[in-house]
Amino acid sequence: MPMSRRTFMASVLGGTAVMAVTGTQLLRAADAAVVPAASPAGDVVGKITVGYQGWFACIGDGAPINGWWHWSQNWSQAPSTSNNAIKAWPDMREYTHVYQTGYAALGNGQPATLFSSYDQQTVDTHFLWMQQNGCDTAALQRFNPNSSEGPTRDAMAAKVRSSAETYGRKFYIMYDATGWTNMQSEMKADWTNKMSAHTASSAYARQNGKPVVCIWGFGFNDANHPWDAATCLDVINWFKGQGCYVIGGVPREWRTGVGGSRAGFSGTYHAFNMISPWMVGAIGNAADSDSVYQNINVPDQADCNANGVDYQPCVLPGDVSGNQRAHGDFMWRQFYNMVRVGAQGIYISMFDEYGEGNQIAKTAETQAGVPAGSGLLALDADGTACSSDYYLRLTADGGRMLKGQIALTATRPTSPTAAGGPTTPPPTTPPPSTDLALHQPTSESSHTQVYSSGNAVDGDPNTYWESANNAFPQWLQVDLGSTRAVGRIVLTLPPATAWGTRTQTITVSGSTDGSSFATLLGSAGYTFNPATGNTATATLPSGSSTRYLRLTFTANTGWPAGQASGFQVYAS
């Protein structure tokens, strides 16, 4: 296994001091007017992208690699305390296929099992979480596929494509050149012969009308990235010649050509359509983030603006094992800095990187969810209780701030616990006229063509969700972001008279954790009549408090599917 990104950055940059910066300097930094982006909003500009490894496997899962891929040091043996390769333990409660490890039981007595990325249900679960938490696009990591790992990596690309299509997310191929000896020719061949086929998917990310490809590792000043500027420029221009929008995962010193960056790469870096500097191992606390903002991000953004390049800086949740996270304050400070610098997009490192402990995917909350005696830390390691989905929810709020859906704020708006914990505020009652579901994350049992669940909360009466046809029951769900007091649901269909009168049979359910649902309103018929605006209202029982609201459709007299152009939720 090649040297990891984190190990490389920590070793190369460990001796490079980050300049101190005063409060006055921060205030005068880049809070000025933002220069317009080089590119309009697309699938990476204006979006949250998450790095997706998809590289965990287990013996017995059917993967061609047939090993405990990235779970253990010795892949031929089950992971255990003495054969460990991870820094954090996943929350396993939502996986239907699990694999027994050699660790002791969890603190709660449950068996210590792990997931395999090779199971489609695992990837579906991850992309559902992305959908629920505002992760717009997934960058599928692709290391040198010309090895024993190749067939498994090929299969993972197909699985990611399937999940992205199912859950309305975008994805793109992110080549990691680390340790790839014949990179210059083999990367081109891999794209031509295999990966370019995935651009036919409606879920494949496009920017400026072009399929997105990222290349990580050009210009890094170490033996695992030995290519000169001309070789790297040839590869970049080749992909651009294939009609691609090309992102560069580059050293943080790309602009100055010192430290972790090779000299003489300025022209190569500026050939990318988007620059995404790597920050893992470079910052460890909020003060580091402020210093990097002042001394790196501000001039980086100015350089990109001047050269017509989009800027996608990296945001890190922090290493669980290194106690960096500060119950979300570390990550939120980066979100704040990257939004105020005017970044065109944000790259989250990473979604599922349990090996380096910097994952946002659901993670053990307490020692009750960690193998006894393993030495692994849980999310409450600093004394603050955090729900397993906390960093997903934090990412959702960071995305809202990037998109201007909430105001720029240095104060983290996200509660560490979703519901019921000591740090969770009581359910609030917003003004009765506030639609609590507007622009919130959604999920669904299915959708047909382009009629995905997000259409029901986009505020546009003419866009709509429609489930798979002739396949009742079907469901539509919205995540209100936190537990709220709710009193009324308003459902609409497009107002056009072409949408004739119909009655849909719907059950309303609620949940505080997204997994255990209780019925709030039993199955009933709701009539939508264009003469009265194609609107139906459901009044919930007094005192209803919930975070996730789900509508289950079992019949529709006007079309053999569940349909909704508006799913509005009000406090009263």
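The analysis underlying the following values was restricted to heavy atoms, covering all of them including side chains, and did not include hydrogens, waters or symmetry mates.
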Exercise for review: Let me know which of Asp300, Asn307, Val309 forms a side-chain contact (heavy atoms from CB on, under 4.5 Å) with Ile275.
Suggested key: Val309
Practice item. Please examine the side chains of Ser289 and Met279, heavy atoms only from C-beta on, and report whether any two atoms are closer than 4.5 Å. Key: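 Counting from C-beta outward, Met279 and Ser289 never come under 4.5 Å.
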Are a donor atom and an acceptor atom from the side chains of [X] and [Y] found within less than 3.5 Å of each other?
X: Asp458; Y: Thr463; answer: yes
X: Trp332; Y: Asp397; answer: no
X: Thr492; Y: Ser565; answer: yes
X: Gln344; Y: Gln301; answer: yes

Check [Y] with [X], please: is the shortest side-chain N to carboxylate O separation under 4.0 Å?
X: Glu365; Y: Arg93; result: yes
X: Asp389; Y: Arg547; result: yes
X: Asp382; Y: Arg325; result: no

Exercise for review: Please say whether the positively charged group of Arg340, taken as NZ for Lys or CZ for Arg, lies over the ring of Tyr293, i.e. under 6.0 angstrom from the six-membered ring centre and within 45 degrees of the axis.
Suggested key: yes
**Study point:** Lys NZ or Arg CZ of Arg161 over Phe171 ring: under 6.0 Å, within 45°
**Key:** no
Review point. How close do Leu520 and Ser544 get, heavy atom to heavy atom, and via which atoms?
Key: CD2-OG, 4.5 Å
Review point. At their closest point, which heavy atom of Val569 faces which heavy atom of Ala437, and how far apart are they?
Key: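 That closest heavy-atom pairing would be CG2-CB, 3.8 Å.
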Centre-to-centre under 6.0 Å for [X] and [Y], is that the case here?
X: Tyr167; Y: His126; value: no
X: Phe218; Y: Phe265; value: no
X: Tyr52; Y: Phe127; value: yes

Exercise for review: Name the orientation class of the two ring planes belonging to Trp129 and Phe351 (parallel below 30°, tilted from 30 to 60°, perpendicular beyond 60°).
Suggested key: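 It falls in the tilted class, 30° to 60°.
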Check your understanding: Hey, what's the ring geometry for Trp278 with Trp216, parallel, tilted or perpendicular (30° and 60° as the breaks)?
Key -> perpendicular
Check your understanding: What pairs with Tyr391 under ring pair (Phe, Tyr, Trp, His ring centres under 6.0 Å), at least two apart in sequence or on another chain?
Key -> none
Review point. Step by step, would you call Arg333 with Asp290 a salt bridge (charged side-chain N to carboxylate O under 4.0 Å, His left out)?
Key: CA-CA 8 Å; Arg333 190 67 188 184; Asp290 286 347; 2.7 Å; yes
